[in-house]
Amino acid sequence: MADGKEYVSRPDELGNIHISEEVLAVIAAAAAMEVEGVGSLAANLGSDIAELLGGKKNLSKGIHIAVEEESIRVDVSLLIKYGYTIIDVAKEVQNAVYSAIENTSGLTVECVNVHVLGVAFDRDGKKAQ
């Protein structure tokens with residue numbers, strides 16, 4: 001995940017616009033969490049130790065942004081709610097993240113890769129209504 005130190009820069013007629021990778025990751029996380037069937041975002045195995053110990057809150061857990069030339073690659077790691085079709089939810093997440101980043105930043109999204117790391121169960125073990 002982005003650590004907030006990397007920026008995507010675009011020239012503008014009045015100067016340069018710099019967007020933090022952390023901002024793009026938060027946009028992607030918010031879009032993914034709005035999709036019905038997403039249980040939660042899931043930290044990758046290499047997540048920050050401070051987050052694991054509860055020392056810092058991370059709004060973009062489970063999101064990794066990679067900037068390549070003129071485009072952005074997004075990796076989303078998540079848990080799917082029990083009872084939902086994985087492929088359908090993953091496609092909706094791809095569409096939501098793609099649209100959110102392109103519409104809010106004006107940047108080109110090359111791809112959105114969705115990594116389903118598990119299944120989230122609610123208390124009753126039933127599909128959320």
Query - Within-4.5 Å side-chain heavy-atom neighbours: V116 and L79 - result: no
**Report entry** Set of residues satisfying side-chain contact (heavy atoms from CB on, under 4.5 Å) with respect to V23, sequence neighbours excluded
**Finding:** I19, S20, I27
Query raised in the report: If you round to the nearest 0.5 Å, how far is CD of E6 from CD of E22?
Result: 12.0 Å
Requested in this report: Measure the spacing between OG of S77 and CD1 of I63 and express it to the nearest 0.5 Å.
Outcome: 7.5 Å
**Report entry** Qualifying side chain to side chain donor-acceptor pair (under 3.5 Å) pairs with a residue from residues 99-114, counting only residues at least two apart or across chains
**Finding:** S71-E110, D75-N113, Y98-E102
Requested in this report: Mind listing the closest non-hydrogen atom pair of M33 and V38 along with its distance?
Outcome: SD-CG1, 3.9 Å
Report summary line: Correct closest heavy-atom pair for A96 and A31 would be O-CB, 3.6 Å
**Report entry** Atom pair NE2/CG of H18 and D12 - distance to nearest 0.5 Å
**Finding:** 11.0 Å
Query raised in the report: Which of these passes side-chain contact (heavy atoms from CB on, under 4.5 Å) with V93: I80, D88, V76?
Result: V76
Report task. To the nearest 0.5 angstrom, please state how far the CD1 atom of I65 sits from the CD1 atom of I101. Result -> 4.5 Å
Report summary line: Sequence neighbours excluded, the answer for side-chain contact (heavy atoms from CB on, under 4.5 Å) partners of I87 is K91
